[in-house]
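The structure appears below as structure tokens.
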Amino acid sequence: MESWSADTGALQGGQRLAFKLKRLRRRLRVWAREARTARNDRKHSASKLIKRLDTEEETRALSTTERTARQGEKAIVAMELKMEEIEWRQKSKALWLKAGDNNTRFFHTIASQRKRSNCINSMHIEGVLHRGQQDLASQLVEHFSRAFRWPRRWFPKWKDETLPQLSRDQLNELARPFHEEEI
């Protein structure tokens, strides 16, 4: 915290805060570089020890202590690789947040263009040009209501206007299960 609490001289208010943040940012960059170097050194030395133990295992059986040490070093390498992956993920997220998603503008433009081309501004219905949302809506409803109306004459007519009905025996025959011979 010495970067934060160190003397800022004659700076006042916002200038003092900006100076402290700038100094803290520099110190954090140095710390991150040192931490990355230490992590790489640990990973490299652990990998070297694992490789040496693997080579020795080809010529002789390893002792329990050596096998335990190799497992510990493998765990260290795995942890360091995981930390490196997390660091890269954080960097990419920070870059994405800073720069923004360049594709957003492209997709927004395409979506806006599609909305404009899919919009119906005017329409000729039976030789008459119709414009405006209300006029188009009412004309379309009227047109399709006429086009899909089911006139009474479309349905089959019976002489006495009643449909023939099945008897109780016919209904029971339809409801009974199928026999294998019928199939």
Side-chain angles (χ1 to χ4, degrees), residues 1 3-4 11-33 35-36 39-40 43 74-75 77-183:
M1 291 308 293
S3 294
W4 188 259
L11 297 175
Q12 298 292 317
Q15 290 177 333
R16 178 184 290 163
L17 177 64
F19 180 77
K20 285 184 172 191
L21 287 173
K22 193 174 191 178
R23 189 169 47 195
L24 181 63
R25 182 171 142 191
R26 272 186 298 213
R27 180 63 190 123
L28 283 173
R29 282 187 175 161
V30 170
W31 171 81
R33 192 177 321 113
R36 197 175 315 113
R39 188 171 56 242
N40 287 337
K43 185 173 60 172
K74 283 183 177 182
V77 169
M79 182 191 67
E80 296 302 338
L81 288 173
K82 185 69 174 169
M83 294 300 289
E84 194 174 315
E85 180 184 340
I86 290 170
E87 180 183 5
W88 280 108
R89 192 177 311 128
Q90 288 174 345
K91 279 183 181 180
S92 70
K93 187 173 185 178
L95 181 63
W96 184 84
L97 289 172
K98 183 178 178 184
D101 187 1
N102 292 333
N103 291 331
T104 302
R105 190 168 129 220
F106 170 75
F107 287 115
H108 179 71
T109 304
I110 295 297
S112 298
Q113 177 59 36
R114 179 170 288 158
K115 183 180 177 184
R116 281 192 296 275
S117 65
N118 285 344
C119 182
I120 300 173
N121 295 320
S122 65
M123 182 180 284
H124 286 276
I125 300 176
E126 298 176 1
V128 180
L129 178 65
H130 296 278
R131 292 182 185 269
Q133 199 104 27
Q134 291 291 78
D135 188 28
L136 278 173
S138 64
Q139 290 299 318
L140 287 172
V141 167
E142 185 180 327
H143 173 76
F144 285 106
S145 294
R146 277 194 315 260
F148 293 110
R149 188 176 310 145
W150 289 10
R152 179 113 172 106
R153 67 181 183 281
W154 182 84
F155 292 103
K157 292 191 175 195
W158 301 95
K159 292 178 188 172
D160 58 359
E161 292 292 325
T162 60
L163 296 174
Q165 293 187 352
L166 298 176
S167 68
R168 173 112 11 235
D169 291 338
Q170 289 171 326
L171 288 173
N172 289 336
E173 184 66 24
L174 287 173
R176 109 181 136 69
F178 292 107
H179 293 293
E180 201 170 310
E181 306 88 51
E182 294 176 320
I183 298 174

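- Counted within 6.0 Å of CD on Q134, heavy atoms from surrounding residues, nucleotides or ligands total 12 or fewer; the atom is thus considered open.
- Counted within 6.0 Å of CZ on R131, heavy atoms from surrounding residues, nucleotides or ligands total 12 or fewer; the atom is thus considered open.
- Considering CG of N121 and CD of Q133, their distance stands at 9.0 Å, rounded to 0.5 Å.
- To the nearest 0.5 angstrom, L140 atom CG is 9.5 Å from D135 atom CG.
- Across I125 and H130, no two heavy atoms sit closer than the pair CB-CD2, 3.9 Å.
- Taking CE of M123 as the start and NE2 of H143 as the end, the distance is 8.5 Å to the nearest 0.5 Å.
- Summarising the geometry of K43 relative to V77, their closest heavy-atom pair is O-CG2, 4.0 Å, with the distance given to 0.1 Å.
- The number of heavy-atom neighbours closer than 6.0 Å to CD1 of I120, taken from other residues, nucleotides and ligands shown, is 12 or below.
- The side chain to side chain contact (heavy atoms under 4.5 Å, CB included) test with R29 singles out one residue from R27, R25, R26, and that residue is R25.
- Paired with E87 under the rule salt bridge (charged side-chain N to carboxylate O under 4.0 Å, His left out), one option of R36, K93, R33 passes, and it is R36.
- We find the CD-CD distance between Q170 and E173 to be 9.5 Å, quoted to the nearest 0.5 Å.
- Between R23 atom CZ and L28 atom CG the span is 12.5 Å, to the nearest 0.5 Å.
- How far CG of L81 is from CE of M79: 10.0 Å, rounded to the nearest 0.5 Å.
- R39 approaches E84 most closely through the heavy-atom pair NE-N, 4.1 Å.
- Remark: R114 CZ is loosely packed, at most 12 non-hydrogen atoms of other residues, nucleotides or ligands lying under 6.0 Å away.
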